[in-house]
Amino acid sequence: MSDTQGDRPEDHVPADPSTTPGEAPTQPAVPAQSAAEAAAQHRTPAQPTAPTQPLPPAGYPTGAHAYARPQGYAGQPAAYPSYAGQPRKTSSGAGKVVGLIVAAAIVGGAAGLGGSYAGVNWFTPAATSPAAGPGTVTVNDTDSVNETTGIAAKVVPSVVTIAASSSAGAGTGSGVVLTEDGYVVTNTHVVTLDGATGDAQVRVTTADGRVYDAEIVGTDPLYDLAVLKLQDAEGLSPIEFADSSDLNVGDTTVAVGAPLGLANSVTEGIVSALNRSIQIASAAAPDSGDDAPEQPEENGQQGPFRFDFGQGDQQAPAGESISIAVIQTDAAINPGNSGGALVDSDGRLIGINVAIATAGGTSSEGSGSIGVGFSIPSDIVQRITDELIENGEATHGLLGATVRPAASVEGSTITGAYINEVSDGGAAAAAGLTAGDVVTGFNGIPVTDATDLTAQVRGQAAGSEAEVTFVRDGETQTVTVTLGTLEQ
């Protein structure tokens, strides 16, 4: 089956947005410091800039812009389903989190299917009031600081707490400073309240207590990224980007954000896995029509992966699905860490925290960290934020092929993305790919099923070139593909 983009599956079509490419100024880098130097500079918590009144809890506005603390999503309009707990089922698979294969995955006009459903939205629970955090990193004994202390001292000034509110509800998340004059990256689901609104009032609190109104520069629901611009901001501390393609499993990771509204919180872990691909039901993603996938169930119970934003069993079903490539980490990530920083041992950004896996059951039983968290790689973050700053929208690649997991094909002896059909005039057809080919690699990254391929294709800009490795009649071949443009 095909559509105008030539790659919808036979059974369902999660939709993805598209935009036009652009470029943005190079992000200012933070000079490298040793742990001792960075920590010593932050012995005493920094004071907010000349406040005349005591500051409110981090992430909340004051004066004419004040509003009540988040009360959850009660009464949320039906037109904007929240991130709901979705039934999930797991199965074996290499290179990513794998879930029940419902039907064909897509590497064209919509997000791929076949991966698991992992939690993505962690707003502050309704019963929890955001707490004011320390101004910066507290160091009482500079003679005994460790590596994490130095990382925290360097990174905390570059991480902010975000409060979004509308008639649909309110919530808090985290963000990362990109430029001195106030560009900040976060998740789309943070600034849209899980897709509940397109015009939320957004207020941002910096690590040293300054509070700004913010406008939404652009959102990219396909990779759950958004860029804000803080009004009249100056002298902020931009994050330094690392090359996420240089990471190794076992590398140190530190997550910084505002879990449960606790601003300037730091947790440590390692890179648990690379080249993961997860599929997420996203209420912020555009409607794909009536053929969206059904969510799998296991004995009538929810599986181990689901969306969580602390609303107990009152969550409504989410709409569409997106497939994204992620870094897996065991650094503790909890509700409110969405949009925050995952950094390396030098305090450089390697990812934006986006999703979490839970232990199953109801939200109230298992909504916290179990050591399985996911972050969008910094290489993808930098490309998309550059385009959002330049054009207000971002572009995504289109392969022009309908695919499904090769393991689901009768007689298959290898894993990969099995091509069911290619679109006439599409990127796959132009490169010589045909039905029956099994894609096993994309730009050198292993592809073990359709979700892997979809996530990798979507992570590339429209019109970019990619090396695709595939197996045909038992022989492995590699071709260069010029990706098309995913139309919204």
Side-chain angles (χ1 to χ4, degrees), residues 2-9 13-25 105-112 185 188 217-227 244-245 277 279 282 284-288 320-326 352 376-403 417 419 421-433 439 441-445 447 450-469 479-488:
S2 64
D3 61 7
T4 56
Q5 297 180 50
D7 56 351
R8 292 187 182 271
V13 186
D16 301 319
S18 133
T19 53
T20 51
E23 298 180 353
I106 304 164
V107 187
V185 60
T188 290
V217 175
T219 62
D220 180 39
L222 186 59
Y223 250 85
D224 200 38
L225 290 170
V227 171
S244 55
S245 66
S277 300
Q279 185 191 58
S282 169
D287 186 7
S288 66
E320 305 306 321
S321 295
I322 60 175
S323 294
I324 60 175
V326 291
I352 293 296
I376 304 167
S378 58
D379 291 355
I380 296 176
V381 172
Q382 189 157 35
R383 178 188 74 79
I384 290 176
T385 56
D386 282 352
E387 292 188 11
L388 289 175
I389 291 172
E390 181 72 16
N391 302 312
E393 54 188 12
T395 66
H396 296 279
L398 180 72
L399 186 59
T402 301
V403 301
I419 297 180
E421 182 181 6
V422 297
S423 304
D424 292 340
L433 295 171
V439 178
F442 187 89
N443 280 340
I445 296 173
V447 170
T451 302
D452 276 343
L453 184 55
T454 300
Q456 292 300 325
V457 170
R458 294 293 183 267
Q460 301 298 310
S464 60
E465 290 189 347
E467 296 294 322
V468 175
T469 302
V479 295
T480 299
V481 177
T482 301
L483 298 175
T485 301
L486 180 69
E487 300 294 341
Q488 186 170 355

To the closest 0.5 Å, what do you measure between [atom1] ([X]) and [atom2] ([Y])?
X      : Y      : atom1 : atom2 : answer
Gln456 : Ser323 : CD    : OG    : 11.0 Å
Ile322 : His396 : CD1   : NE2   : 9.5 Å
Thr454 : Ile324 : OG1   : CD1   : 12.5 Å
Thr219 : Asp224 : OG1   : CG    : 9.5 Å
Leu453 : Ser277 : CG    : OG    : 9.0 Å

Nearest atoms (heavy-atom pairs only) where [X] meets [Y]:
X      : Y      : result
Val468 : Phe442 : CG2-CD1, 3.9 Å
Ala461 : Glu387 : CB-OE2, 3.9 Å
Ala429 : Gly425 : CB-N, 4.3 Å
Leu433 : Val481 : CD1-CG2, 4.5 Å
Val403 : Ala450 : CG2-CB, 3.7 Å

Can a donor-acceptor pair be found, under 3.5 Å and without considering hydrogens, that links the side chain of [X] to the backbone of [Y]?
X      : Y      : answer
Glu467 : Gly444 : no
Ser464 : Gln460 : no
Asn443 : Ala466 : no
Tyr223 : Val381 : no
Thr485 : Ala462 : no
Arg458 : Ala325 : no
Thr188 : Leu225 : yes
Asp220 : Ala226 : no

query = Residues two or more places apart in sequence or in another chain: which of them pass side chain to side chain contact (heavy atoms under 4.5 Å, CB included) with Thr482?
reply = Glu465
ask   = Do we see a donor-acceptor contact under 3.5 Å between the side chains of Gln279 and Ser321?
value = no
query = Taking it one step at a time, do Val185 and Ile352 satisfy side chain to side chain contact (heavy atoms under 4.5 Å, CB included)?
reply = CA-CA 8 Å; Val185 60; Ile352 293 296; 3.8 Å; yes
ask   = Any side-chain heavy atom of Thr469 sitting closer than 4.5 Å to one from Val439?
value = no
